[in-house]
Every structure is written in structure tokens, then in C-alpha cells.
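Shown next, in C-alpha cells, is the structure this report addresses.
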Amino acid sequence: MDEKYFSKKVEAKWQKRWAETCAFEVAKDERPKFYQLEMLPYPSGNLHMGHVRNYSVGDAIAWFKRLKGFNVLHPIGWDSFGQPAEDAAIKRGVNPREWTEENIKSMQGQLQRLGLSYDWLRQMAAHRPEYYKWDQWFFLKMYERGLAYKKKTQVNWCETDQATLSNEQASGGLCWRCGNPVTKKDLEQWFLKTTAYADQLLDDMADIDWPQNVIKRQRDWIGRSTGAYVNFEVRVTASAVPAASEETPKGVTLTVFTTRIDTIYGANAVVLAATHPVVEAHRHQFSAEVLAKIDAIVAESSKPKELGEEVEKDGVDTGLKAVNPFSGEELPVWVGNYVMMEYGTGAVMSVPAHDERDWEFAKKFGLPIKQVISEPHLTHEHHTMQAMALEVPFVDYGVLVHSDSWNGKTSDDAKKEMTHYAETHGFGEAATTYRLRDWGVSRQRLWGSPIPIVYCDGCGVVPEKYENLPVVLPDNAPMTGTGESPLAKVPEFVNVACPQCGGAARRETDTMDTFVDSSWYYYRYLDPNNSDAAFDPALAEYWTPVDQYIGGDDHAVMHLIYARFWTKAMRDLGLVKFDEPFRRLLTQGMVVGETFFDDSTGKRRYFPPDQVTIERDEKGKVVNAFLRSEDADEGVRVPLKHAIERMSKSKGNGVDPDEMVEIYGADAARLFVLFAAPVENELVWHESGIEGAVRFLQRVWRFVYKWHALFSEFKDRTTENTEITEKDGKTGTDISKRLRQKTHQTIKRVDDSLSTLQFNTPVAGLMELINALYDAKIEPETATDDEKFAVYEGVRALVLMLAPFAPHAAEELYEQITGETRGIVGSGARYPEYRADLAAADEIEIAVQVNGKLRSRIMASPEAANEELEAQALADEKVREFTEGKEIVKVVVVPKRLVNVVVK
RNA sequence: GCACGCGUGGCCAAAACGGCAAAGGCGCCGGUCUUAGAAACCGGAUAUUGAAGGUUCGAAUCCUUCCGCGUGUACCA
């Protein structure tokens with residue numbers, strides 16, 4: 001054993017050993033399984049610290065579960081379709097496939113140098129025909145079941161990326177990739193019917209263990225709201241219509257969606273989206289002024305909007321009238337810019353007294369405001385005097401007033417009864433609407449899975465035959481970056497015989513959104529080489545669902561909704577038997593770093609840290625930062641500002657994982673990343689922090705080095721039954737007893753922490769344990785048998801518990817102390833056994849307070865009765881000083897913790 | 001604007017049910033070693049837990065208000 005810890009040597013040795021022994025390759029067996037999954041990376045060519053964090057966490061869990069006796073499936077693959085490959089092709093003229101394959105190769109090397117315990121034989125890559133064949137297979141299955149369909153719509157279009165975006169990808173009106181505003185464009189698109197599963201997507205979240213914020217975002221995204229459709233009959237009044245127009249549309253009704261049918265007596269108008277069909281149908285009846293206004297609203301709404309921009313209410317009275325079916329009142333029909341055709345029916349009843357938007361609208365256009373819901377205790381007032389003027393809209397539930405026979409009902413009751421009334425009278429029904437839209441999957445891109453559809457003049461839209469899959473991407477498509485489908489320019493691809501009639505036909509030239517690939521990749525890992533099916537359902541039955549999924553929360557609505565949708569569709573195809581793919585989800589925070597910049601010119605100019613001189617005060621707080629003199633213009637001291645920002649090359653605060661591994665070792669890098677902050681928090685990268693991780697590993701190493709010769713005399717060292725008889729812990733010295741106590745407390749602490757997905761606290765626990773081993777000051781030469789055993793037990797446990805965080809070092813140390821050459825994984829070593837009797841002290845310290853202030857401590861057995869503790873506390877000398885001559889009001893005893901004496 | 005989350009030494013952070021005088025790491029200070037520094041090792045100091053009220057025998061932990069920060073979201077009827 002080397003006296004010092006050399007990370008490179010240890011890591012090389014164990015990476016080689018693991019590979020040779022196929023240590024992490026698994027197959028179905030008798031053990032309980034654990035499926036540990038991390039979000040697969042896009043093969044950009046470079047790993048960044050965010051990946052390191054994600055995969056270090058996953059690897060820690062994988063190791064922990066292995067030590068706990070599970071058969072752990074821990075795979076990795078490549079999300080290798082997507083835009084950057086195309087960009088590289090356009091910019092540098094490289095072949096996207098070759099570019100992608102090379103990147104995969106280099107990133108795999110980076111992952112291996114980190115020593116991540118993946119089963120490499122299970123890798124999948126989305127861009128390979130063996131994989132995307134099954135994208136197409138699924139697409140056809142969905143097509144058969146009506147879950148894939150084509151329609152012409154306004155799609156979200158990013159001018160910068162020249163790409164269509166799904167609703168999820170255009171959230172907030174900004175492109176998810178480049179952050180630029182999104183515009184609208186009319187295109188024929190393929191859609192997957194995510195809305196068919198809207199209720200399940202919402203309701204099944206009750207059964208999964210996910211972070212609250214992700215669940216909330218999905219819930220908001222699906223946006224189910226329950227209410228009612230209510231029909232308003234449209235009338236055209238003579239006065240509002242140009243004289244030329246004679247026709248009075250008969251039987252035209254406007255259906256509005258409302259969640260507050262109880263407020264219907266307060267409606268002052270029906271407001272329509274500018275593109276509402278009823279508006280379109282009556283265009284010829286509107287005055288030029290009205291038409292101009294409507295067109296202006298349409299034009300305005302298709303413009304890109306800045307994030308956070310408030311759009312002022314606008315609208316126009318069309319002159320049409322609609323009849324409130326409850327009150328019979330005739331209401332004006334307006335067009336309003338705040339009503340969206342995409343939601344509900346594109347028509348709302350405007351109730352200004354009880355809705356903020358309607359309130360604003362009514363205020364702007366001077367429409368009447370009538371209160372029909374009252375706070376319960378004010379109901380009486382509303383009936384004895386005129387409605388009091390509201391100062392703000394009253395949007396809460398309450399009691400109905402000014403609503404004919406419904407007066408006095410609560411909002412809750414009225415909603416139910418009025419909906420029922422509308423139903424029985426044929427002018428409405430209960431209804432549920434969703435914000436969730438179907439998933440637009442067509443992309444006018446090359447680097448994705450071709451959509452397996454053929455257009456035949458004779459037969460129309462024809463699905464490709466299953467036996468013709470995969471529809472392979474041609475290698476020679478011209479890439480122009482103009483936004484047209486590159487595949488359309490490849491005649492050999494486009495021109496094809498119709499699968500149905502054999503006649504001349506054309507292929508669909510759009511490809512699928514790359515989120516299709518990531519919707520089911522975790523099933524392909526189960527059976528990566530299967531050429532007859534996406535995977536064998538029998539394997540899925542053993543390995544899936546995924547037990548623990550880890551990734552960034554930027555995928556909270558996109559990937560995670562699509563993957564859930566896909567699983568439900570697969571379930572209905574009979575491929576899996578569960579509803580949810582990911583039992584437990586963990587979202588890790590960003591890795592950020594300190595940046596230094598000069599913004600005196602109004603623009604931020606960033607400088608890498610090695611060009612910066614930092615001044616600190618006596619406590620170490622940064623007070624000033626300057627551009628290092630040799631890098632600045634002569635004689636000028638340039639003050640710099642500093643901030644904590646997301647790592648990026650342009651800001652000079654990026655950290656290259658390879659470099660960290662080179663300098664400090666993979667173990668230290670991983671240990672630091674796990675220790676520095678709770679996983680879900682931001683992680684601020686400090687170079688000094690990783691040095692601390694190295695110091696800790698060295699500290700453990702030194703301790704093992706000091707003892708390993710002695711341990712080698714023990715026989716059968718892999719278990720706790722050494723020749724040194726294990727004592728029951730009661731007969732040993734105080735020192736060995738205390739050490740064993742710390743060891744067993746740590747065993748429990750680390751176990752509990754890892755089970756609850758905390759990674760920083762168990763590392764702290766291991767640090768405390770090594771500190772305790774040093775602090776015990778036991779020397780190999782002079783130690784008693786008890787002490788030797790206590791040290792051995794502590795070290796062995798420490799090393800095993802270290803494996804999830806620093807596996808290479810743990811393996812090496814384990815071999816050194818136990819002599820086991822097959823290693824931790826190879827020998828199937830288990831997590832150390834916790835013994836509660838040893839973790840508990842036989843005498844514990846009890847704090848004694850007087851009036852809540854700590855005044856003394858007493859020693860007592862953990863089993864001591866409350867009365868005993870009370871008596872002992874009252875008898876305590878220091879306590880008596882404070883209770884002397886005072887009346888004891890009461891004594892509070894917290895078993896095993898403290899006694900509080902309350903005096904007056 | 002709305003919703004949610006957070007605020008603990010200079011920094012990152014830990015503390016089941018409210019219960020000891022608030023872990024661990026980084027940084028800082030001192031010492032050993034060294035010609036000196038760095039590294040390494042050893043030792044040390046550092047916190048009325050954002051503010052103000054309240055509940056309680058007892059509050060970092062619960063409640064109220066305020067301040068500060070972060071995230072999500074935007075006319076969803």
C-alpha cells in the first residue's frame with residue numbers, strides 16, 4: 001500500500017478492474033431490482049459540471065442500492081438527434097452522423113474517467129436506425145389508434161432557430177432553446193394526442209413521489225378546470241347592422257365556457273376572441289370601423305410578446321346581441337383582445353363584478369358592473385338597498401344576490417343547480433376544459449426520426465408498412481438552414497412507391513421532435529439489441545418502472561409530460577402494466593460559478609478568475625476585485641464587479657470536468673459535488689472546496705495506511721468476525737465504546753440520509769467518523785483487543801460507506817483492509833450492519849434547565865424514568881443555586897433529553 | 001400582479017415530534033516543518049439563526065406582519 005493517496009493510480013486500477021470483471025453489467029436474476037436512471041445527455045462533445053453533478057448523484061444511489069443487496073440497473077445513452085448536429089453541419093460542413101458519433105466517443109471517455117458505474121453494454125443512441133426504427137413503430141401504432149393525426153394549424157415558430165416548437169417548447173412566448181420570441185406560422189403538422197390522457201396525466205400524479213414544484217408545474221400546465229358551457233342565442237338588432245344587411249341569422253348560438261355560472265346574472269356582455277367563427281360569419285354585417293378594430297386585434301395578437309409584457313385590454317362592440325338564457329337579458333357581443341380562441345370556446349361571458357379581467361374591460365369601455373355575489377354577512381344589505389359600488393372585483397365564492405330565484409344560494413350550490421337547470425332546459429351542460437394541447441411533433445429538420453407516412457395521390461395518407469421500417473435518413477441531404485425540410489430536397493428519399501397501391505407517392509419529409517426519442521429510451525435500455533421489438537415486455541416487467549430518476553427541473557413540463565404520456569400509450573398497447581414510468585424523481589440544481597466583470601462601459605466584459613486579484617477583509621469576505629495589473633493597461637487599476645452566475649465559457653467561469661479529474665481525481669470531484677450543497681440547491685463551484693475533498697480522502701487514506709499492516713494479521717477480515725473477539729460493547733474501554741458508538745451512529749445516519757436522497761449530510765457524517773477515529777488516539781502498537789476491534793469496525797464501515805461517494809478510493813482501501821481482491825462489487829460486500837445497542841450510550845447526558853436556561857447537566861441511563869430524572873435534577877447542586885428559596889411551579893421532563901425546572 | 005420556496009458565523013451548509021451551550025466543510029488566525037513561502041499536518045477563534053411581535057416551561061423550528069432574495073407563471077374565462 002502506498003503511504004500516500006495517488007488518485008490517478010487508484011482510479012486507473014479500479015476502472016480497469018471494473019471493466020475486466022464486468023462489474024456493473026447486470027441481468028435479470030432472483031434479487032429485487034432497482035432501476036436507477038439519469039436523464040440522458042445530448043452528445044455535444046463536452047461534459048459539463050451539470051452532468052457531473054447529475055451522474056454523481058445517480059451513481060451514489062446505484063452504489064448504495066448495490067450495497068443494500070439490490071440488482072441495480074444503471075444505464076446511460078445518448079439523446080443524439082437534434083439541432084446542434086445540424087448547426088455543425090451547416091457551419092462547418094461536417095456530416096452530422098459522424099460529428100455525433102465522434103462526440104459520443106469522446107463523452108463516453110469522459111464519463112468513464114469519472115468512474116461512473118454504468119452498464120455500458122446497454123447504451124442506446126437515438127440517431128441510430130436500430131433505435132429510431134422504434135420511434136417510427138410507435139408512431140404507426142399511435143396512428144392506428146387515432147393518437148397521431150395531422151392538421152393545419154398556427155404553429156409556434158422560432159425565426160432564430162428556423163424551427164417549429166411545441167406549446168411546451170414555446171412556453172412564455174419564448175423559444176426554449178434560444179430564448180427569442182416566438183411567432184406564429186400556418187403549417188400542416190402531425191400531432192400526438194396528449195389530451196386523450198389529460199385526466200390520467202393529472203390524476204396519476206397522486207401516486208408518484210416527485211418534487212412538489214414539478215407536480216405543481218405539470219398540474220398548471222395541464223390546467224384542468226371544471227365549469228359549464230352555456231349557450232347564448234345571438235340576435236342581430238336593426239340599429240347595429242348596416243341597412244343593406246337583411247338576413248337575421250336564425251338559431252345562431254354562442255357557447256361560452258365559464259367556471260362561475262353562479263355569476264351569470266352579473267354578465268354585462270359576451271366577449272369573443274377576434275378569430276371566433278361567429279365573428280368571421282358576421283363580418284359582412286359589421287361596420288368598417290368594427291372590422292378595422294377586429295383586424296387590428298388579430299394582427300396585434302400574432303406579434304411576438306416580450307416576457308412580462310402587460311397587454312392593455314382592447315375590444316369593440318360588434319353590434320350583435322346575445323341573450324342571457326337565465327335572465328333573458330339582451331347583452332352586447334364584443335370582441336376582446338383578452339379572449340383566446342385556443343382556450344375553452346373562445347367566448348366568455350363578461351362578469352366585471354366578479355372577474356378581474358372583465359372588470360378591467362368594463363372600466364375601460366364604461367360597461368355596467370352589477371354585483372351578484374355577496375359576502376355572506378352582507379347579503380341582507382344587498383336586498384334592502386341598491387347594490388353598493390364595488391371598488392375591486394369580488395372574485396371569491398359567496399352568496400347569490402340580484403339573481404332572481406337563485407338569491408340566497410351559496411356559490412357552490414348555485415354552480416351545481418344552475419348547471420343542472422341549464423342542462424334540463426337545453427342551453428348548457430357541465431364541462432371540463434384543459435390548457436394542455438396536443439403535442440405537435442413535426443419538425444422541418446433533418447436530424448430526427450423520419451415520420452413514417454407516405455402521401456399517395458390515389459390512396460391519400462398511407463402509413464408505411466411495419467416491415468419497411470426503419471425509414472432511414474439519407475446521408476446526403478443538403479443542409480441550408482432555411483427552415484424547409486432538408487429531406488424534401490432528396491428525391492431518392494421523397495419518391496417512393498405507395499405501400500398500399502404501389503403507385504408513385506411521396507414520403508413525409510418532416511422529422512419527429514427529438515422529445516419523441518427521450519420519451520421511451522429508458523425502456524430500450526432493458527433490451528438494447530432487440531431487433532424484433534422495441535423491448536421485450538417480460539424484461540420490462542422485471543426492471544420497470546424506473547425506481548429513481550434524476551435530472552434538471554428544466555424538463556419539468558416537456559420531457560416529463562411526454563414520457564408519462566408515452567408510457568400510458570404503451571400501457572394501452574399492452575407493453576407495460578403500470579401507469580407511471582418514474583416512481584421517484586429528483587431534480588438537481590444548477591452548477592454556478594463566480595464571475596468577474598467590468599460594466600463601466602455599460603456592457604459586461606467578463607474576465608477569467610486567473611486574471612483577477614481579490615481583496616478580502618480580515619474575515620475573508622471579498623471586499624474588492626481588480627483586474628490583475630499585468631493584464632490591465634499600464635498603471636490602471638480596473639475595479640471589477642463579481643456575481644454568481646450559471647457556468648458558461650463566455651463568462652469565464654466554466655469548469656472542465658476532465659481538468660478537475662486530472663488535477664484532483666474523479667473521486668474528489670464527485671465527493672465535492674455531492675458534499676457542497678443539497679442536490680436540489682444551486683451549487684457554487686469553488687476550487688478550494690474540491691481541495692477539501694482531496695484532504696478528506698487523504699486523511700482517510702493515512703489512517704488506513706497506519707493500520708493496514710495490523711489488520712492484515714486478522715483472519716477472515718471481510719466479515720466482522722475477526723480473531724479479535726467482538727465484545728458486546730459493554731466490557732470494552734470507554735474509548736472503544738465511544739468509537740463503536742460513533743461508528744454505529746454513522747452507519748444509521750448515512751443510511752437514513754441516502755434513503756431520503758440527501759448526499760451532503762452523509763459526507764459530513766463520514767468526516768465526523770474519520771475525525772472520531774483520529775480523536776480516539778488509539779495506536780496500533782499499544783491498542784487493546786477491544787480498541788483494535790473498534791478501529792477495525794469503524795474503518796471497515798467507513799470505507800464501505802465511502803463507496804457511493806468515492807468508489808475508486810473505497811475499493812482500494814477495502815482491498816487493503818480486508819485483503820479481498822475481488823473488490824467491493826466483485827465480492828458482493830454489503831452495507832455495514834447497524835446495531836442500535838451499540839449506537840446507544842449506556843449513560844447519557846441530560847440537560848437541566850431552570851426557567852428554560854441551561855444551568856447544569858446530569859448523567860443518567862437512557863432508560864431512566866422521568867421521576868428519577870426529575871429527582872436527580874432537583875438534587876443537582878448547580879440547579880439548587882437557582883431554585884433556592886423559590887417556588888417550583890412545575891418540572892418538564894423530556895425523556896433522554898432534558899429536564900426543565902420552572903420556578904417563581 | 002399571482003403562486004410557491006428560502007433567509008443560520010466571511011462563504012456553502014446541518015440540526016425527527018418545538019427540547020442540551022446550533023454539526024461538517026471552505027475561508028480566516030496561530031503553531032509544527034521549511035532558508036522563506038506554498039503544500040501537508042496540528043491547534044484556535046468566529047452565530048443574541050433577516051426584523052418586529054405572538055404562542056409556549058422552552059422557538060432556527062409554530063403563528064402574524066414587515067424586509068430581502070430566488071423560482072415558476074401570465075389575460076386559461
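Among the protein residues, Gly692(A) comes within range of the sugar-phosphate backbone only, with heavy atoms under 4.0 Å from sugar or phosphate atoms but none that close to a base. Asn681(A) comes within contact range of the sugar-phosphate backbone alone, with a heavy-atom separation under 4.0 Å but no base atom that close. Among the atoms of the strands shown, base atoms are found under 4.0 Å from some heavy atom of Met340(A). When heavy atoms are screened at a 4.0 angstrom cut-off, Arg224(A) is found touching no nucleic acid atom at all. Among the protein residues, Asn771(A) comes within range of the sugar-phosphate backbone only, with heavy atoms under 4.0 Å from sugar or phosphate atoms but none that close to a base. Across all strands, Val339(A) comes closer than 4.0 Å to base atoms (heavy-atom distances). Heavy atoms of Lys313(A) sit under 4.0 angstrom from at least one base atom. Using a 4.0 Å heavy-atom distance criterion, Arg897(A) is classed as a base contact.
Sorted by first and then second residue, the pairs that involve residues 745-771 of chain A and meet salt bridge (charged side-chain N to carboxylate O under 4.0 Å, His left out), not counting sequence neighbours, are Lys68(A)-Asp751(A), Lys742(A)-Glu768(A), Lys748(A)-Asp752(A), Arg749(A)-Glu768(A).
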Output a table of donor-acceptor pairs, distance under 3.5 Å, between side-chain atoms of residues 886-899 of chain A and any protein atom two or more places apart or on a different chain; print 'none' if there are none.
none

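Atom CE in Met767(A) sits about 16 Å away from atom P in A23(B), given to the nearest Å. Atoms CZ (Arg219(A)) and P (C4(B)) sit 14 Å apart, rounded to a whole Å. Remark: C1' of C20(B) and CZ of Arg855(A) are 14 Å apart, rounded to the nearest angstrom. Whole-Å rounding puts the Asp752(A) CG to A15(B) P distance at 12 Å. For the pair Leu766(A) CG and G24(B) P, the computed distance is 14 Å after rounding to whole Å.
Checked against G25(B), A40(B), A13(B), the side chain of Arg702(A) finds its nearest nucleotide in A40(B). Proximity note for Thr258(A) (side chain, C-beta onward) versus C4(B), A77(B), G25(B): the nearest is A77(B).
For A40(B), one of the phosphate oxygens OP1 or OP2 lies less than 4.0 angstrom from a side-chain nitrogen or oxygen of Arg695(A). Contact check, Gln758(A) against A16(B): no side-chain N or O comes under 4.0 Å of OP1 or OP2.
Comparing Tyr434(A) and Glu768(A) by the nucleotide of RNA chain B that holds the closest heavy atom to each, the one mapping nearer the 5' end is Glu768(A). Ranked by how close their nearest RNA chain B nucleotide is to the 5' end, Glu342(A) and Ala764(A) are led by Ala764(A).
Spacing between C4(B) and C41(B) at atom P, rounded to whole Å, works out to 48 Å. Across G1(B) and C57(B), the matching P atoms stand 40 Å from one another, rounded to whole Å. Atom name C1', nucleotides A59(B) and A21(B): the rounded distance is 16 Å, in whole Å. With C1' as the reference atom, C17(B) and G53(B) are 26 Å apart, rounded to whole Å. When the P atom is used for both C20(B) and C62(B), the distance is 16 Å, rounded to whole Å. Separation of the P atoms belonging to A36(B) and G27(B) is 23 Å when rounded to the nearest angstrom.
Partners of Tyr434(A) by ring pair (Phe, Tyr, Trp, His ring centres under 6.0 Å), not counting sequence neighbours: none found. Applying the ring pair (Phe, Tyr, Trp, His ring centres under 6.0 Å) test to Phe672(A) and every residue at least two apart in sequence or in another chain returns Trp685(A). Residues forming a salt bridge (charged side-chain N to carboxylate O under 4.0 Å, His left out) with Arg855(A) (at least two apart in sequence, or on another chain): none. Contacts of Phe394(A) classified as ring pair (Phe, Tyr, Trp, His ring centres under 6.0 Å), with partners at least two apart in sequence or in another chain: none. Take Tyr774(A) and apply the ring pair (Phe, Tyr, Trp, His ring centres under 6.0 Å) test, not counting sequence neighbours, and it matches Phe703(A).
A salt bridge links Lys293(A) to Asp314(A): at least one charged side-chain nitrogen sits closer than 4.0 Å to a carboxylate oxygen. Here Asp876(A) does not pair with Arg880(A) in a salt bridge; the nearest charged N to carboxylate O distance is not below 4.0 Å.
Judged by atom type and distance alone, Arg857(A) reaches the base of A21(B) through a side-chain donor-acceptor pair under 3.5 Å.
With a cut-off of 3.5 Å on both pairing distances, the Watson-Crick and G-U wobble pairs of RNA chain B assemble into stems of 3 or more at B:1-7 with B:67-73, B:10-12 with B:24-26, B:28-32 with B:40-44, B:50-54 with B:62-66.
Here OG1 of Thr255(A) is found 8.5 Å from OH of Tyr229(A). Values are rounded to the nearest 0.5 Å.
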What nitrogen or oxygen pairs link the protein and nucleotides 53-59 of chain B at under 3.5 Å?
| unit_1 | atom_1 | unit_2 | atom_2 | d |
| --- | --- | --- | --- | --- |
| C57(B) | O2' | Asn900(A) | ND2 | 3.4 |
| C57(B) | O2 | Asn900(A) | ND2 | 2.4 |

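A donor-acceptor pair under 3.5 Å links the side-chain atoms of Asn324(A) to the main chain of Phe326(A), judged by distance alone.
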